[in-house]
Amino acid sequence: MKYVVQKGDDEATLATMHHVSVGNLRKANELLPQPYLVEGRTIEIPTNDDAQQNNASDDQNGHQGVETFNPGDKPAE
């Protein structure tokens with residue numbers, strides 16, 4: 001979704017308002033000149049559909065997000 005940056009906008013507020021993480025907000029706008037939050041600039045606010053597409057393509061085994069590892073676990077064979 002497109003959004004025009006307003007005076008005083010910051011990453012945390014935009015992320016909270018649009019129910020996205022700051023990391024996903026940064027990733028969606030990583031190709032813009034930095035800093036990307038410049039008043040009047042149109043940025044991309046990722047939607048839930050964007051996040052689902054990104055998670056679905058994380059790897060070929062269908063793993064999504066972060067995997068956990070316990071130090072005492074033996075590696076899968």
Side-chain angles (χ1 to χ4, degrees):
M1 156 177 113
K2 301 291 184 193
Y3 175 82
V4 177
V5 177
Q6 306 297 307
K7 183 176 182 176
D9 280 346
D10 63 68
E11 288 178 321
T13 302
L14 288 175
T16 300
M17 284 176 28
H18 296 282
H19 309 289
V20 299
S21 70
V22 170
N24 283 342
L25 185 61
R26 287 178 180 170
K27 186 173 182 176
N29 295 285
E30 66 188 354
L31 298 179
L32 291 176
Q34 300 299 313
Y36 69 96
L37 290 181
V38 176
E39 184 179 354
R41 176 179 284 161
T42 300
I43 65 168
E44 185 68 29
I45 304 287
T47 64
N48 286 336
D49 291 339
D50 296 335
Q52 288 173 355
Q53 287 175 348
N54 288 341
N55 285 341
S57 63
D58 279 351
D59 71 17
Q60 296 173 348
N61 297 318
H63 295 122
Q64 297 178 1
V66 176
E67 292 187 53
T68 58
F69 173 77
N70 294 319
D73 290 350
K74 293 183 181 178
E77 295 183 26

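- In terms of heavy atoms, Glu44 sits closest to Met1 at OE2-N, 2.5 Å.
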query = So Tyr36 and Glu11, side-chain hydrogen bond (donor to acceptor under 3.5 Å, both in side chains) or not? Walk me through it.
reply = CA-CA 10 Å; Tyr36 69 96; Glu11 288 178 321; 2.7 Å; yes
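- A distance of 9.5 Å separates CG in Leu37 from CZ in Arg26, rounded to the nearest 0.5 Å.
- Looking at Thr13, its side chain never comes within 3.5 Å of a backbone N or O of Asp9 through a donor-acceptor pair.
- Looking at every heavy atom in both residues, Ile45 comes nearest to Leu25 through CD1-CD1, 3.7 Å.
- Across every non-hydrogen atom of Asn24 and Pro46, the tightest pair is O-CG, 3.6 Å.
- Counting only distance, with no hydrogens or angles, the side chain of Asn29 and the backbone of Ile43 share no donor-acceptor pair below 3.5 Å.
- A distance-only check finds a donor-acceptor pair linking the side chain of Arg41 to the backbone of Pro33 [under 3.5 Å].
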